[in-house]
Amino acid sequence: MDRSRSDVVVGAVERTRSDVVAGVLRLALAGSALAGTQDIWWHGRLGGLVYFTNQSGLLLAVVMVWAGVATLRGTPQPPGWLKGGVTLFLLVTALVAYFVLPPGPGAAGGFRVTSGFAEHRLDPVLAFVDFVLVDAHRRLRPRHAAAWLGYLVAYSAAVTARGLLRPTLGFPYAFLDVREVGGGGWARTVALLGGASWLLGLLLVGIDRVLPAAALVGTAGRAPGPAPGPARGSGPGPAP
């Protein structure tokens with residue numbers, strides 16, 4: 001086989017293998033997110049949707065199934081604003097769990113892979129790694145960070161209104177319990193978390209803007225190359 005044609009074929013095989021690995025890992029991450037939210041979609045405990053962690057987990061599952069299948073089949077990927085938003089929500093979940101929420105049961109007992117650990121630690125880290133390595137880039141704009149912030153503010157307002165209108169339902173997070181922290185404390189908390197989330201969203205946009213347009217792993221964002229053909233000089237000679 002001519003060397004130039006061999007190089008083309010080997011390169012195509014390598015790209016296909018990386019897509020298969022990336023696609024399978026994306027589906028595995030979707031499986032982890034589904035495992036963490038099974039009380040909602042399997043057992044029908046829809047009350048769990050009030051937790052931002054569960055909303056983020058379900059969004060991660062949907063987006064990763066879409067992205068995994070798209071990577072394996074070569075079909076269009078999820079739009080950048082959706083993929084970036086889900087990544088941001090997972091990072092917010094991790095940071096709030098680490099800095100704001102009290103430690104969960106058994107947190108002092110060493111390293112344990114529990115559903116809480118997956119939702120608050122493992123899934124956010126893997127979602128960010130996927131965003132950096134497997135996504136196509138240069139698709140995000142600063143306005144996307146503002147839109148993501150709007151979702152977070154709307155969530156805070158909705159669960160607060162729910163707790164005030166239906167006191168028996170309570171509040172999903174103590175720092176949003178306006179009856180305990182007061183109106184001023186609630187406003188300061190939402191402003192602090194909202195500002196930090198907006199800055200984190202802008203950081204994601206900045207990372208997206210400086211990375212190459214094409215994915216670092218896999219072929220997302222790459223222009224399809226020409227189909228390999230006969231190498232120069234290897235075609236049939238002139239007719240006699």
Side-chain angles (χ1 to χ4, degrees), residues 8-37 41 52-94 118-119 121-152 155 197-198 200-228:
V8 171
V9 174
V10 170
V13 171
E14 289 175 348
R15 288 195 297 272
T16 300
R17 287 176 178 172
S18 65
D19 282 331
V20 170
V21 172
V24 170
L25 291 178
R26 284 179 150 184
L27 293 178
L29 181 52
S32 175
L34 287 173
T37 56
W41 60 266
F52 187 79
T53 299
N54 289 334
Q55 293 185 18
S56 301
L58 288 172
L59 285 172
L60 178 66
V62 171
V63 168
M64 281 301 170
V65 168
W66 181 353
V69 172
T71 301
L72 293 172
R73 299 188 60 186
T75 52
Q77 296 281 335
W81 63 265
L82 177 59
K83 187 63 162 53
V86 172
T87 303
L88 173 66
F89 299 156
L90 267 291
L91 293 177
V92 169
T93 295
E119 291 175 325
R121 302 289 190 272
L122 184 62
D123 291 352
V125 169
L126 294 180
F128 178 72
V129 171
D130 180 90
F131 170 80
V132 172
L133 296 181
V134 191
D135 277 358
H137 293 292
R138 302 185 182 177
R139 302 185 294 169
L140 299 180
R141 301 293 184 271
R143 67 175 182 272
H144 294 128
W148 302 330
L149 173 62
Y151 178 84
L152 295 170
Y155 168 81
S197 300
W198 179 62
L200 186 58
L202 288 177
L203 178 61
L204 281 182
V205 172
I207 293 173
D208 175 78
R209 301 300 295 170
V210 301
L211 287 172
L216 300 176
V217 176
T219 56
R222 299 175 188 263

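Note that the structure is predicted; figures quoted are calculated from it, not measured.
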With sequence neighbours left out, what residues match [X] under side chain to side chain contact (heavy atoms under 4.5 Å, CB included)?
X      : result
Arg143 : Arg141
Leu126 : Leu29, Leu122
Ala94  : Pro124
Trp66  : Ala70, Pro78, Pro79, Leu82

How close do [X] and [Y] get, heavy atom to heavy atom, and via which atoms?
X      : Y      : answer
Arg209 : Leu140 : CD-O, 3.3 Å
Val132 : His137 : O-NE2, 2.9 Å
Ala220 : Gln77  : CB-CG, 4.4 Å
Ser32  : Asp123 : OG-OD1, 2.8 Å

Sidechain-backbone polar pair: Asp19 side chain, Leu72 backbone, donor-acceptor under 3.5 Å: no

Donor-acceptor contact below 3.5 Å, side chain Thr75 vs main chain Thr71: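 Answer holds: no.
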
Student check: side-chain heavy atoms of Trp198 and Trp148 closer than 4.5 Å: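 SC-SC contact between Trp198 and Trp148 ruled out.
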
Interatomic distance, Thr87 atom OG1 to Asp135 atom CG [nearest 0.5 angstrom]: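 Thr87 atom OG1 to Asp135 atom CG measures 6.5 Å (nearest 0.5 Å).
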
CG on Leu202 to CD1 on Ile207, rounded to 0.5 Å: 11.5 Å

Qualifying salt bridge (Lys or Arg N to Asp or Glu O under 4.0 Å) pairs with a residue from residues 53-74, counting only residues at least two apart or across chains: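 Sorted pair list comes back empty.
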
Residues forming a side chain to side chain donor-acceptor pair (under 3.5 Å) with [X], sequence neighbours excluded:
X      : value
Tyr151 : Gln55
Ser197 : none
His144 : none

Results of salt bridge (charged side-chain N to carboxylate O under 4.0 Å, His left out) for Asp130 - residues two or more places apart only: Arg26, Lys83

Asn54 and Thr37: side chain donor to acceptor below 3.5 Å: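 No, Thr37 and Asn54 have no side-chain donor paired with an acceptor closer than 3.5 Å.
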
Residue that, paired with Phe128, satisfies side chain to side chain contact (heavy atoms under 4.5 Å, CB included) out of Leu90, Leu204, Leu88: Leu204

Worked check of side chain to side chain contact (heavy atoms under 4.5 Å, CB included) between Val86 and Phe131: CA-CA 10 Å; Val86 172; Phe131 170 80; over 6 Å; no

Sequence neighbours excluded, every pair satisfying ring-ring contact (aromatic ring centres under 6.0 Å, His included) that has a member inside residues 68-87: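 Sorted pair list comes back empty.
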
Donor-acceptor pairs under 3.5 Å, side chain of residues 56-65 to any protein atom, not counting sequence neighbours: which ones?
unit_1	atom_1	unit_2	atom_2	d
Ser56	OG	Phe52	O	3.0

